[in-house]
Amino acid sequence: MKKIVLLILSLLVCSHMFAAQQKPLKPLTIILDWFVNPQHAPIIIAQEKGFFKQHGLKVKIITPADPADPPKLVAAGKADIAIGYQPELYLQVASGLPLVRIGTLVNSPLRAVATLRDSDIHSLADLKGKTIGYSMAGVGDAILSTMLKYNGINIKDVKLVDVHYNLVQALLSHRVAAISGVERNFEIPELALIHHPARAFYPENNGVPPFDALVFLANRHEVHHDPRFLLAFMKAIQEGVNYLHQHPRTSWKLLLKHHPELNNALNKKAWEITLPYFDPHPLKLNKKRYISFAKWMLQHKLITKTLPMRDYAVDIRK
């Protein structure tokens, strides 16, 4: 009799486990900020190692036709999650988009001001009277202005030239003495690889409050209504980050297996540089950092008022 009871209990447990495994996966769509690159490694790892599936999700990864589209698509309910940038998030929310940060991908600024190492520019103070190339105005202008001021220069002491996306070419042709808004994990190693090493100056070392370069954005209404599946997504991302920190070489090979177009010297170097910046605690919200940067945005008149934090950044575990 005891054996029969144990057999029945065993069958019930197996039946429950089978039913759980057969439960339909919740579809979620994430739209990246641009084409797949090493900065998206935790997402790719979570997909390929089955972490999303283990959390009951079927995640579709989309690359945008225009890098300005992802936040708009999430705000319009046409995607569940977007990769965005903390500085631009304040502007998007101020413009009326119902967006909120639910997690961090890269927890450090990646932008930089760069000059050629063999030039006569050894500090930002040396840029007085020089020409600086840039590709994007707005927050980028305020970051550059703050960095210059920190080094005793007024933004009016330099000449700014919009070189669109030809930053590296403008610097190499000596059209400009420095370039602003380059990425420390792409353009800086790119210059080194073509034997024109750069001297880089970082915002966080020159008066700009630290900020998260890449964040996960969701629709604010969905977050406050039911964040369960978004929380499941972020837990899978946490596992992806843990895996790539513990197995960097295996993760790189896995990334190349599914995205062989990344197999070149520049992306390998970008991978090495970016790896330490992946947030080991992507769900954690650094409130002081977000408040500090909001005050900086207000000071530079990029926004007209600061909003309650729950309107633009949340910890969805709470």
Side-chain angles (χ1 to χ4, degrees), residues 33-34 37-39 67-68 85-88 91 106 108-214 264-274 276-277 293 296-297 299-302:
D33 54 310
W34 199 221
N37 63 66
Q39 295 178 168
Y85 317 103
Q86 182 187 337
E88 279 70 23
L91 301 178
V106 173
S108 167
L110 293 176
R111 310 180 198 199
V113 173
T115 64
L116 291 175
R117 196 176 295 173
D118 60 4
S119 72
D120 60 351
I121 309 298
H122 300 284
S123 71
L124 289 174
D126 294 331
L127 286 172
K128 186 173 183 178
K130 305 288 187 180
T131 301
I132 302 176
Y134 71 95
S135 62
M136 293 181 67
V139 177
D141 284 349
I143 289 175
L144 176 60
S145 177
T146 299
M147 293 175 70
L148 293 175
K149 185 177 180 181
Y150 186 81
N151 288 272
I153 306 177
N154 190 287
I155 192 74
K156 295 179 181 179
D157 293 332
V158 301
K159 181 181 179 182
L160 299 178
V161 175
D162 184 356
V163 297
H164 303 291
Y165 292 102
N166 299 314
L167 290 165
V168 170
Q169 294 87 338
L171 186 64
L172 292 177
S173 67
H174 300 287
R175 181 184 172 193
V176 299
I179 46 179
S180 176
V182 292
E183 300 290 321
R184 69 186 68 176
N185 55 341
F186 279 100
E187 283 91 350
I188 302 301
E190 177 187 359
L191 284 163
L193 287 169
I194 59 176
H195 309 294
H196 290 282
R199 181 173 287 111
F201 306 96
Y202 301 139
E204 68 272 25
N205 296 335
N206 290 279
V208 180
F211 58 88
D212 299 332
L214 295 174
N264 57 53
L266 178 56
N267 280 306
K268 178 65 163 59
K269 195 63 182 176
W271 162 265
E272 294 170 356
I273 295 171
T274 311
Y277 293 128
F293 204 81
W296 179 86
M297 295 280 289
Q299 178 187 350
H300 286 272
K301 300 180 180 179
L302 294 167

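- Dense packing is recorded around OH of Tyr202, with more than 12 heavy atoms of other residues, nucleotides or ligands lying under 6.0 Å away.
- Sorted by first and then second residue, the salt bridge (Lys or Arg N to Asp or Glu O under 4.0 Å) pairs with a member in residues 155-168 form an empty list; sequence neighbours excluded.
- Rounded to the nearest 0.5 angstrom, Ile273 CD1 and Ile188 CD1 are separated by 8.5 Å.
- Residues meeting the ring-ring contact (aromatic ring centres under 6.0 Å, His included) test with His300, sequence neighbours left out: Trp296.
- Between the side chain of Arg111 and the backbone N or O of Glu183 there is no donor-acceptor pair closer than 3.5 Å.
- Side chains of Asp33 and Pro67 form no contact here, defined as non-hydrogen atoms less than 4.5 Å apart.
- Ala170 and Val163 make their closest contact through CB-CG1, 3.8 Å (heavy atoms, listed as atom of the first residue, atom of the second, distance).
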- Evaluate the criterion side chain to side chain contact (heavy atoms under 4.5 Å, CB included) for residue pair Leu127 and Asn151; output intermediate values, then yes/no. CA-CA 10 Å; Leu127 286 172; Asn151 288 272; over 6 Å; no
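- Residues Phe186 and Gln39 come closest through the heavy atom pair CE1-OE1, 3.7 Å.
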- Task: Could you give me the CA-CA distance, side-chain angles and deciding distance for Phe201 and Thr115, then say whether side chain to side chain contact (heavy atoms under 4.5 Å, CB included) is met?
- Result: CA-CA 9 Å; Phe201 306 96; Thr115 64; 4.1 Å; yes
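- Take Glu190 and apply the side chain to side chain contact (heavy atoms under 4.5 Å, CB included) test, not counting sequence neighbours, and it matches Val168, Glu187, Leu266.
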- Message: side chain to side chain contact (heavy atoms under 4.5 Å, CB included), that's the test. Do Leu171 and Leu191 meet it? Break it down for me.
- Response: CA-CA 10 Å; Leu171 186 64; Leu191 284 163; 4.1 Å; yes
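- For the pair Asp120/Lys130, a side-chain contact is recorded, criterion being any heavy-atom separation below 4.5 Å from C-beta on.
- In this structure the side chain of Tyr277 reaches within 4.5 angstrom of the side chain of Arg184, judged on heavy atoms.
- Two residues are said to be in side-chain contact when any heavy atoms from C-beta on lie closer than 4.5 Å; Leu144 and Leu160 meet this criterion.
- With contacts defined as side-chain heavy-atom distances shorter than 4.5 Å, the pair His174/Leu116 qualifies.
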- Message: Working note: Asp126 + Ser123, criterion side chain to side chain contact (heavy atoms under 4.5 Å, CB included); need CA distance, chi angles, decisive distance, verdict.
- Response: CA-CA 5 Å; Asp126 294 331; Ser123 71; 3.5 Å; yes
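- Across all non-hydrogen atoms, the minimal contact from Leu91 to Met297 is CD2-CE, 3.7 Å.
- Residues Ile153 and Leu124 come closest through the heavy atom pair CD1-O, 2.9 Å.
- When all heavy atoms are compared, the tightest approach of Ile121 to Ala177 is CG1-O, 4.4 Å.
- When all heavy atoms of Val182 and Ala114 are compared, the pair lying nearest together is CG2-CB, 4.0 Å.
- No side-chain heavy atom of Pro109 sits under 4.5 Å from any side-chain heavy atom of Val208.
- The side-chain heavy atoms of Asn185 and Trp271, taken from C-beta on, include no pair separated by under 4.5 Å.
- For the pair Ile132 and Val176, the minimum side-chain heavy-atom distance is 4.5 Å or more.
- A donor atom on one side chain and an acceptor atom on the other are not found under 3.5 Å apart for Asp141 and Tyr134.
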